[in-house]
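These notes concern the structure reproduced below.
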Amino acid sequence: MSFIVTAAISALNSYIRDALPDVLLYIAYVLDFTLSVGIISVLFALMFKYLPDAKIKWRTVWIGAILTAILFVVGKLLLGIYFGQADPGSTYGAAGSIVLILLWVSYSSLILFFGAEFTYVYAKRYGKGIEPKTIGIITE
């Protein structure tokens, strides 16, 4: 979702510059950043809460999700600048787009794992900890 909003702002950048004052352009970028962090925070919070087979408090989940979302959006911005300036895909010719996709997937997975590990450490140190879910054992 954030990619769509960012792409729309980038595509309409020249139109926005011509039609609106410069202040609104900066407001659009701030709104894009805020909206991206908000949506991605919710997605990371849902992953951190429901994917592990453990009980984690929502407060701990939200702190980890917000940090992970901020790192994700800042990384997306920095990778966008890098891809725009350095053009690493041109080095690889026809396979350049595949290389760019692999770079993005690699970065995204590193941020996801870092956020999950941060949430784990934060829960152990400052939160209520993480407890395994109880599973009913059937005995005969």
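- Annotation for F72 and S108: closest pair CE1-OG, 3.6 Å, computed over non-hydrogen atoms.
- Closest approach of K76 to S36, counting heavy atoms only: NZ-OG, 3.9 Å.
- Between L112 and T68 the shortest side-chain heavy-atom distance does not fall below 4.5 Å.
- Rounded to the nearest 0.5 angstrom, L67 CG and I111 CD1 are separated by 8.5 Å.
- Under the rule for a side chain to side chain contact (heavy atoms under 4.5 Å, CB included), the partners of L78 that lie at least two apart in sequence or sit in another chain are V74.
- A continuous path of hydrophobic side-chain contacts links L51 to I66 [ILVMFWY only; heavy atoms under 4.5 Å].
- The heavy-atom pair separating A65 from S41 by the smallest distance is CB-O, 3.4 Å.
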(Q) Under the criterion side chain to side chain contact (heavy atoms under 4.5 Å, CB included), I'd like the reasoning laid out for Y120 against I56: C-alpha separation, chi angles, the key distance, then a yes or no. (A) CA-CA 9 Å; Y120 172 77; I56 306 171; over 6 Å; no

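- F113 and F44 are assigned to two separate hydrophobic clusters, defined by single-linkage of ILVMFWY side chains at heavy-atom distances under 4.5 Å.
- The aromatic rings of W104 and Y107 lie tilted to each other, with the angle between the two planes from 30° to 60°.
- Grouped by direct or indirect side-chain proximity (heavy atoms under 4.5 Å, Ile/Leu/Val/Met/Phe/Trp/Tyr only), I98 sits with L102.
- Contact of the V42 side chain with the W62 side chain is registered, since non-hydrogen atoms from C-beta on lie closer than 4.5 Å.
- Closest approach of A116 to F48, counting heavy atoms only: N-CZ, 3.6 Å.
- Residues satisfying the ring-ring contact (aromatic ring centres under 6.0 Å, His included) criterion with Y126, sequence neighbours excluded, are Y122.
- Between I63 and F118 the shortest side-chain heavy-atom distance falls below 4.5 Å.
- Taking CD1 of I70 as the start and CZ of F33 as the end, the distance is 6.0 Å to the nearest 0.5 Å.
- Once rounded to the nearest 0.5 Å, the distance linking CD1 of I40 with CE of M47 reads 9.5 Å.
- Note that NZ of K55 and NZ of K49 are 9.5 Å apart. Values are rounded to the nearest 0.5 Å.
- Taking the side chain as every heavy atom from C-beta outward, V61 and W58 approach each other to under 4.5 Å.
- Considering all non-hydrogen atoms of both residues, T119 and G64 come closest at OG1-CA, 3.2 Å.
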